[in-house]
Amino acid sequence: MKNIFILLLNFYFIQFSFAQKRMISITQSPLTGISLPIGSKQDSRMLSVAGAKMLLEIESKKANITLSATEVLVLPPVNAGGFNTDSLVKNLADLGWITSVVEGDKKYAWLQKDNRHLIMYFSMDAKETGLYFAKAASAPVQNAQGNNTGTIQTAPTETNQTQQTPDTVVQTNPPEVVQQPPPPVTNSGFAFTTTNFDDGWTSTVQEDWVEVTKGNIKVLLHYPKEGTIFPADPEPLTNAAWNILVAPRYKNLTNYKTAYISTYNRPYLGMGYATENATGKNVFIVFFRQDQVWIEFISPDKNTFIQQYKFDPETIRWDSNSDLMIPLANMTGYNRFAIATSDFKGKWTSDFTGIQQLYNVYTGQYAGMNMNQSNEEFIFKEGSTYSWKLLVVNGMAGNAKFNEVKSTGKLTVPNNWQVKFSMIETKARTYHAFWSCIKAARILNLLDADYPGSGIYTKYGLAK
């Protein structure tokens, strides 16, 4: 028995020593080549690598892209190593990597350099900073349209030469643009297509955007469109999106330029003076994206824009204060439309997935991976009845637990911004509610009125 005990003890120390060696001190990322702060380690343990790959695949699977060669880096916390998002962006840019932050989750980003593609996950926690990379089989969006067609259009001149400026490459003598009337208001079977906000703005649903107006300013919240989001530096990305979303509706473009501010979630800006095809009016255009959508600001002149948004867009540089962009980004909040009882039809679902890598706070040893996944659905039926179901999976990897709850009942709409369900799980519940729009569809946004503190609405899409 004693010999067996000694043998087992020796085996434990061999295993412990092997596990320790799988945490290797490192000063440079093997996949990207970026420099890392002192105290960084590469975690090559099987469970750590598998967990990181699973985390990265949450995003890559949305684009049907396979991953390989997962790299797990554990960095000192920001307050110890000083390595933050700005450090990461600068190091990647210095080595020629093009970074494109993922819409809706700023911890993910796609990287591109030459013909290489990577996906990245970056999380700064109090105890440590996690940085994961993996090779991607392809880019998340194939963008032949955005890269190879369309140019920033200017007024025709007597020559047919290509002019180059520091801000953009523009082509003279553009093809004739056929004037078309503005798209009609799109109803799509919902009760409300216009919202009059208390601050004077009015939103209207259109075919390709939500149109927001106040006074002589018009703002277009463009719906997502292929070819307008892809991994690229600010200028080519802004140019490509401008040519697809903006240029076809204008002529005589002058003083076009692009700009950006160097932060992790970089604001992209394009701007210029042009003539509207539909009205013949001369306008000043600012084209902007920072998070989820491209936004087009149309005003009769630059001073009108400055009076509303309190800065001159033509002075923006890479080191400008990113807080200047907050009023522009806040315009996405006007994609909001009231609800009615007649709107609730069909099956609407919401999915959530989250993964936590756990480490012992005393030893720093890996303590496993915790998973949280849920699927919630509403099925709205005749007579304002509904069925509701929530499926939850949570727990440590290999020992996760499954729970499911169901309810049925009847819904009522006490006002245009709330919906009440007679039974959700164990009681009646009232939710703050509104619709937001995308191309040819809507998204249902719900927030429990009893717990509104987070202010984060759960989004539901119509299941096909």
Side-chain angles (χ1 to χ4, degrees), residues 28-36 56 59-60 62-71 73 83-122 131-152 166-169 224-245 257-270 287-294 316-320 322 325:
Q28 188 178 54
S29 161
L31 279 180
T32 64
I34 64 171
S35 299
L36 303 173
L56 292 168
E59 188 60 38
S60 70
K62 297 177 184 178
N64 294 320
I65 295 175
T66 56
L67 303 180
S68 62
T70 304
E71 179 180 295
L73 304 176
F83 191 93
N84 56 20
T85 53
D86 291 336
S87 310
L88 177 60
V89 170
K90 184 179 185 304
N91 285 357
L92 288 168
D94 288 345
L95 292 179
W97 288 99
I98 297 171
T99 304
S100 179
V101 179
V102 169
E103 302 270 350
D105 194 336
K106 301 172 186 177
K107 292 184 178 181
Y108 289 96
W110 293 95
L111 308 180
Q112 179 183 0
K113 180 180 179 182
D114 301 325
N115 293 322
R116 299 175 59 197
H117 304 284
L118 305 178
I119 188 172
M120 175 181 74
Y121 180 86
F122 185 63
L131 178 58
Y132 307 156
F133 297 106
K135 292 182 179 179
S138 62
V141 178
Q142 298 299 327
N143 189 57
Q145 178 184 14
N147 284 327
N148 299 327
T149 68
T151 52
I152 305 301
D167 298 308
T168 186
V169 178
K225 190 170 185 178
E226 184 178 359
T228 64
I229 302 292
F230 56 94
D233 284 333
E235 183 175 346
L237 175 58
T238 304
N239 288 351
W242 177 288
N243 287 319
I244 294 171
L245 300 176
K257 65 176 295 185
T258 64
Y260 73 96
I261 299 176
S262 184
T263 64
Y264 184 62
N265 186 26
R266 286 186 297 189
Y268 298 79
L269 290 148
F287 192 47
F288 168 81
R289 171 185 172 263
Q290 187 170 17
D291 195 3
Q292 298 181 3
V293 297
W294 282 103
I316 292 297
R317 294 167 13 105
W318 66 271
D319 58 349
S320 295
S322 61
M325 302 296 106

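- In summary, Asp114 and Arg116 do not engage in a salt bridge, as defined by a charged side-chain N under 4.0 Å from a carboxylate O.
- Of all the heavy atoms in Glu71 and Ser29, the pair that sits closest is OE2-OG, 2.6 Å.
- Here the closest heavy-atom approach between residue Arg317 and residue Asp319 is recorded as NH2-OD2, 2.9 Å.
- Annotation: the span from Asp233 atom CG to Thr99 atom OG1 amounts to 9.0 Å, rounded to 0.5 Å.
- Considering every non-hydrogen atom in both Gly227 and Ala240, the closest pair reads O-CB, 4.2 Å.
- One finds the OG atom of Ser322 at 10.0 Å from the CD1 atom of Ile316 (value rounded to the nearest 0.5 Å).
- A 4.5 Å side-chain heavy-atom check between Tyr108 and Ser60 finds every atom pair outside the cut-off.
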In sequence, state the C-alpha distance, the side-chain angles, and the governing distance for Phe133 and Leu73, and then conclude on side-chain contact (heavy atoms from CB on, under 4.5 Å). CA-CA 8 Å; Phe133 297 106; Leu73 304 176; 4.0 Å; yes
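- The two residues Glu59 and Ile119 have their closest heavy-atom pair at CB-CD1, 3.9 Å.
- A distance of 10.0 Å separates CG of Leu237 from OG1 of Thr258, quoted to the nearest 0.5 Å.
- Smallest separation of non-hydrogen atoms from Thr238 and Phe287: O-CE2, 4.2 Å.
- Between Thr32 and Met120, the closest side-chain pair of non-hydrogen atoms is not below 4.5 Å.
- Residues Ile34 and Leu95 have side chains in contact (heavy-atom distance under 4.5 Å, counting atoms from C-beta outward).
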Verdict with supporting geometry, Trp294 and Trp242, side-chain contact (heavy atoms from CB on, under 4.5 Å): CA-CA 9 Å; Trp294 282 103; Trp242 177 288; over 6 Å; no
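- The shortest side-chain heavy-atom distance between Phe230 and Ser100 does not fall under the 4.5 Å cut-off.
- Atom CG of Leu118 is separated from atom CG of Leu111 by 5.5 Å, given to the nearest 0.5 angstrom.
- Counting non-hydrogen atoms of other residues, nucleotides and ligands closer than 6.0 Å to NZ of Lys135 gives a total of 12 or fewer.
- Phe83 and Phe122 have perpendicular rings, their planes meeting at more than 60° on a 0 to 90° scale where under 30° would count as parallel.
- Atoms CD1 and OG, on Ile65 and Ser138 in that order, are 4.0 Å from each other to the nearest 0.5 Å.
- The closest side-chain heavy-atom distance from Ile261 to Gln290 is not below 4.5 Å.
- Counting heavy atoms from C-beta outward, Asn91 and Trp97 have side chains that stay 4.5 Å or more apart.
- Atom CD1 of Ile98 and atom NE2 of His117 lie 10.0 Å apart (nearest 0.5 Å).
- Closest non-hydrogen pair, Gly33 versus Gln28, comes out as O-NE2, 3.1 Å.
- Ring geometry for Tyr132 against Tyr121 counts as parallel: the plane angle stays under 30°, on a 0 to 90° scale with 60° as the upper cut.
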Intermediate values then yes/no, side-chain contact (heavy atoms from CB on, under 4.5 Å), Met325 and Leu269: CA-CA 10 Å; Met325 302 296 106; Leu269 290 148; 3.9 Å; yes
